[in-house]
Amino acid sequence: MPTWFMWFIVFWTIFLITVMFIGGYFMFRKFLKRLPKEDGKSILDWQDYYIEKTLHLWSDDHKKLLNELVEPVPELFRDVAKGKIAGKIGELALEDNIEELTQDYIIKGYILATPKRDHKFLIKKLNEKQVDLSPYQHLLEKSSS
């Protein structure tokens with residue numbers, strides 16, 4: 001057997017094992033989110049519940065804003081990100097028992113549902129839209145710790 005072919009097999013094996021570990025990691029994370037908690041519902045069950053209960057509050061403008069905010073997320077993961085953010089927005093809306101969804105809730109939900117590294121794009125996008133960030137400063141600082 002030629003030497004180059006043996007090296008090809010070695011690198012191909014390493015590549016396959018690496019890809020399987022990465023895929024397994026993400027599958028395991030999804031599995032953990034599906035496990036029921038003390039209340040009998042999983043994280044994803046609660047997320048779906050909040051979205052379903054507040055779906056009537058979402059206007060086309062609100063959906064458009066959410067789509068703009070998740071633009072930097074790779075397209076493969078964009079639906080998951082939108083679901084997580086929409087679930088957090090729904091949770092906030094149900095806690096406050098609001099009748100109408102506002103831009104304020106969308107921004108708060110985005111900040112609370114996303115890691116700090118994603119807030120740079122949010123700040124940039126809100127500055128483009130000339131939105132005052134001062135009401136959200138405490139949330140942005142709180143999420144940094």
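What you see is a predicted model; the values in this text were computed from it and never measured.
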Tell me if the [atom1] atom of [X] is crowded by more than 12 foreign heavy atoms within 6.0 Å.
{"X": "Glu100", "atom1": "CD", "answer": "no"}
{"X": "Asp60", "atom1": "CG", "answer": "no"}
{"X": "Glu128", "atom1": "CD", "answer": "yes"}
{"X": "Gln137", "atom1": "CD", "answer": "yes"}

Where do [X] and [Y] come nearest, in terms of heavy atoms and distance?
{"X": "Leu57", "Y": "Leu101", "result": "O-CB, 3.5 Å"}
{"X": "Lys37", "Y": "Leu32", "result": "NZ-O, 4.0 Å"}
{"X": "Leu35", "Y": "Ser42", "result": "O-CB, 3.3 Å"}
{"X": "Lys129", "Y": "Glu68", "result": "CE-OE1, 2.8 Å"}
{"X": "Gly83", "Y": "Ile51", "result": "O-CD1, 3.5 Å"}
{"X": "Val70", "Y": "Lys82", "result": "CG2-CG, 3.5 Å"}

Compare all side-chain heavy atoms of [X] with those of [Y] and state whether any distance is below 4.5 angstrom.
{"X": "Phe11", "Y": "Trp7", "answer": "yes"}
{"X": "Asn67", "Y": "Arg78", "answer": "no"}
{"X": "Ile106", "Y": "Trp58", "answer": "yes"}
{"X": "Thr114", "Y": "Lys88", "answer": "no"}

Between atom [atom1] of [X] and atom [atom2] of [Y], what is the distance when rounded to the nearest 0.5 Å?
{"X": "Lys125", "Y": "Ile107", "atom1": "NZ", "atom2": "CD1", "answer": "12.5 Å"}
{"X": "Ile43", "Y": "Lys30", "atom1": "CD1", "atom2": "NZ", "answer": "11.0 Å"}
{"X": "Phe5", "Y": "Ile9", "atom1": "CZ", "atom2": "CD1", "answer": "4.0 Å"}
{"X": "Met27", "Y": "Ile22", "atom1": "CE", "atom2": "CD1", "answer": "14.0 Å"}
{"X": "Leu126", "Y": "Tyr110", "atom1": "CG", "atom2": "OH", "answer": "9.0 Å"}
{"X": "Thr54", "Y": "Leu94", "atom1": "OG1", "atom2": "CG", "answer": "6.0 Å"}

### Query
Among Val19, Thr13, Ile14, which one satisfies side chain to side chain contact (heavy atoms under 4.5 Å, CB included) with Ile17?
Thr13

### Message
Using side-chain contact (heavy atoms from CB on, under 4.5 Å), reason through Arg34 and Asp45 one step at a time and then give a plain yes or no.
### Response
CA-CA 8 Å; Arg34 273 287 170 210; Asp45 290 337; 3.0 Å; yes

### Message
Is a donor from one side chain sitting under 3.5 angstrom from an acceptor on the other, for Ser134 and Asp132?
### Response
yes

### Query
Is it the case that Tyr105 and Asp96 place a side-chain donor and acceptor less than 3.5 Å from each other?
yes

### Task
May I ask you to check whether Trp46 and Tyr50 place their ring centres under 6.0 Å from each other?
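Yes, the ring of Tyr50 comes within the 6.0 Å limit of the ring of Trp46, centre to centre.
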
### Task
Walk me through it: do Leu66 and Ile85 pass the test side-chain contact (heavy atoms from CB on, under 4.5 Å)?
CA-CA 8 Å; Leu66 182 60; Ile85 295 166; 3.6 Å; yes

Is there a continuous path of hydrophobic side-chain contacts, each under 4.5 Å between heavy atoms, that joins [X] to [Y]?
{"X": "Val73", "Y": "Leu76", "answer": "yes"}
{"X": "Phe31", "Y": "Leu44", "answer": "no"}
{"X": "Ile89", "Y": "Phe121", "answer": "no"}
{"X": "Val80", "Y": "Leu112", "answer": "no"}
{"X": "Val10", "Y": "Phe8", "answer": "no"}

### Query
Does the His62 side chain pair with the main chain of Gln103, one donor and one acceptor, at a distance under 3.5 Å?
no

### Message
Does Lys41 qualify as a cation-pi partner of Tyr49, given the criterion of NZ or CZ under 6.0 Å from the six-membered ring centre and within 45 degrees of its axis?
### Response
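The answer is yes, since Lys41 meets both limits relative to Tyr49.
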
### Query
When you look at Tyr136 and Asp104, which way does the side-chain contact (heavy atoms from CB on, under 4.5 Å) test go after all the steps?
CA-CA 9 Å; Tyr136 313 108; Asp104 186 50; 2.8 Å; yes

### Evaluation steps, side-chain contact (heavy atoms from CB on, under 4.5 Å), between Asp118 and Leu122
CA-CA 7 Å; Asp118 294 345; Leu122 173 70; over 6 Å; no

